[in-house]
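Computed from a predicted model, the values in this text were never measured in an experiment.
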Amino acid sequence: MIELLLVGIGTGNPEHLTLQAIRALNSADLILIPRKGPEKSDLADLRRSICAEVLTSPTTRIAEFDMPLRNRADADYWGGVDAWHDAIAAVWSSAVCSELGDARLRGTGYRVDNATVALLVWGDPALFDSTLRIAARLDPSPQVRVIPGITSMQALCASHAIPLNEIGAPFLVTTGRRLRDEGWPADVDTLVVMLDGDCAFQHLDPAGVMVWWGAYVGMPAETILSGPLAETGPRIVVTRAKARAQFGWIMDTYLLRRARPHSASST
């Protein structure tokens, strides 16, 4: 039986790991690190740095594998994602079979006795991450254990020293795609926007809206901007483009809050 540990690592800062996460990584027989090409080599480097800093177990092995590329030109968005997840699951199975000495191939799946395999997951495995969905595609099914991590929205609020929600008020976590296509959702004044590659806030009426934006939050390259959306939005677009060109990749998120007529200064 395989035990699959999905370990939330926050934003890649080793100080974001919980004691539970550190203990889980040290309990693993094998830690898998994905490689996403030379442009995103920093992501693998951060995972390696975390392992170098927290691993004390002499028996834990580390193996790397190349992540399959997603076909973003596919007009069928959901079909493309589904095929991509199948490809990732197949690569995981292959890596486990090739790296653990007692692996016995069985078709396209794997069979390994009494082994614990860990994956380091950005943020938290339960929030805007597909690792759990990919794990469900493995055959045979592993025993999955999730170690929660600090989310990007928690790190963003900490960097700006702001509360995530207003008193007694809800907030909504959405994607750039939905914000662009559907606009500001009804009955909510605070939005956290993730997975936004096109600065979807440019499609909103900025009147009365504040924005708190952060890229590489918690990392040495952390960059944050905040202020009225009308003034800060264009600065974010420029800053984001420069950062992406410099590093070859970007991880960013932002919080939008519009003033409520009856409580414009509520926090």
At what distance, to the nearest 0.5 angstrom, does NZ of Lys36 lie from CG of Asp66? 12.0 Å

Contact summary for Met153 and Leu127, nearest pair of heavy atoms: CE-CD2, 4.0 Å

Can Thr131 and Asp129 be counted as having a side-chain donor-acceptor contact under 3.5 angstrom? yes

Taken to the nearest 0.5 Å, the spacing of Arg235 CZ from Leu225 CG works out to 5.0 Å

Would Arg240 and Asp252 pass as an ion pair if we require N to O under 4.0 Å? yes

OG1 of Thr232 to OH of Tyr254: how many Å apart, nearest 0.5 Å? 13.0 Å

Heavy atoms from other residues, nucleotides or ligands near CZ of Arg180 exceed 12 (cutoff 6.0 Å): yes

Using side chain to side chain contact (heavy atoms under 4.5 Å, CB included), reason through Leu138 and Leu4 one step at a time and then give a plain yes or no. CA-CA 11 Å; Leu138 294 172; Leu4 182 62; 4.1 Å; yes

Are there over 12 heavy-atom neighbours, none belonging to Asp198, within less than 6.0 Å of that residue's CG? no

Hey, does the side chain of Ser130 reach the backbone of Arg133 with a donor-acceptor pair shorter than 3.5 angstrom? no

Going only through I, L, V, M, F, W and Y residues with side-chain contacts under 4.5 Å, is there a path from Val209 to Leu172? yes

ILVMFWY cluster, Leu30 and Val91 together (side-chain gap under 4.5 Å): yes

If you define the side chain from C-beta out and look only at heavy atoms, does anything of Val146 sit under 4.5 Å from Leu132? yes

With a 6.0 Å cut-off on ring centres, are Trp122 and Phe128 close enough? no

Work out which heavy atom in Ile62 is nearest to a heavy atom in Cys51; give both atom names and the distance. CD1-CB, 3.7 Å

Check for me, please, whether Trp92 and Val121 land in the same ILVMFWY cluster - side-chain distances under 4.5 Å, paths through other members count. yes

Heavy atoms from other residues, nucleotides or ligands near CD of Glu182 exceed 12 (cutoff 6.0 Å): yes

For a 4.5 angstrom cut-off between non-hydrogen side-chain atoms, does Phe65 reach Glu99? no

Donor-acceptor pair, Asp29 side chain versus Thr59 backbone, under 3.5 Å? no

Counting C-beta onward and ignoring hydrogens, is there a side-chain heavy-atom pair between Met194 and Val173 closer than 4.5 Å? yes

Flag yes if Ile150 and Ile224 sit in one hydrophobic cluster, no otherwise; membership is Ile, Leu, Val, Met, Phe, Trp, Tyr, and two members link when side-chain heavy atoms are under 4.5 Å apart. no

Is the closest side-chain heavy-atom distance between Glu64 and Leu32 below 4.5 Å? no

Check whether Ile2 and Leu25 end up in the same hydrophobic cluster, where Ile, Leu, Val, Met, Phe, Trp and Tyr are linked by side-chain heavy atoms less than 4.5 Å apart. no

Derivation of the side chain to side chain donor-acceptor pair (under 3.5 Å) call for Asp124 and Thr151: CA-CA 5 Å; Asp124 183 273; Thr151 66; over 6 Å; no

Taking Thr223 for the side chain and Ala221 for the main chain, is one N or O donor matched with an acceptor at less than 3.5 Å? yes

Worked check of side chain to side chain contact (heavy atoms under 4.5 Å, CB included) between Leu255 and Leu156: CA-CA 8 Å; Leu255 185 148; Leu156 177 73; 4.2 Å; yes

Atom of Pro125, atom of Gly149 and distance for their closest heavy-atom approach: CD-N, 4.5 Å

Test item: Ser94 side-chain N/O and Ala90 main-chain N/O as donor-acceptor pair under 3.5 Å: no

Report yes if the side chains of Ile50 and Leu120 come closer than 4.5 Å at any heavy-atom pair, otherwise no. yes

About how many Å separate OG of Ser226 and CE of Met210, when rounded to the nearest 0.5 Å? 6.0 Å

Can you confirm whether Phe201 sits close enough to Val193 that some side-chain heavy atom of one is under 4.5 Å from a side-chain heavy atom of the other? no

Closest contact, heavy atoms only, Ala44 versus Pro34: CB-O, 3.8 Å

What's the shortest heavy-atom distance between His160 and Trp213, and which atoms? NE2-O, 2.9 Å

Once rounded to the nearest 0.5 Å, what's the spacing between atom CG of Asp189 and atom CG of Leu256? 11.5 Å

Do the side chains of Ser27 and Leu5 get nearer than 4.5 Å, heavy atoms only? yes

Could you walk me through whether Thr175 and Leu179 pass the side chain to side chain contact (heavy atoms under 4.5 Å, CB included) test, one step at a time? CA-CA 6 Å; Thr175 65; Leu179 185 66; over 6 Å; no

Sub-4.5 Å side-chain heavy-atom contact between Leu46 and Met219: yes

Checking Thr11 side chain against Val217 main chain: does a donor-acceptor pair fall under 3.5 Å? yes

Between Asn26 and Thr56, is there a donor-acceptor pair closer than 3.5 Å when you use the side chain of the first and the backbone of the second? yes

State whether Asp82 and Arg137 are salt-bridged, where the test is any N-O pair (Lys NZ or Arg NE/NH1/NH2 against Asp/Glu carboxylate O) under 4.0 Å. yes

Quick one: do Ile147 and Leu6 satisfy side chain to side chain contact (heavy atoms under 4.5 Å, CB included)? Show the steps, please. CA-CA 6 Å; Ile147 311 301; Leu6 305 183; over 6 Å; no

Please check this pair: side chain of Arg244 against backbone of Met251, looking for a donor-acceptor N/O pair closer than 3.5 Å. no

Does a salt bridge link Arg48 with Asp45, judged by any charged N lying under 4.0 Å from a carboxylate O? yes

Distance from Arg177 atom CZ to Leu195 atom CG, nearest 0.5 Å? 10.0 Å

Taking all atoms of both residues into account, what is the closest heavy-atom pair of His16 and Gly218, and its distance? CE1-CA, 4.2 Å

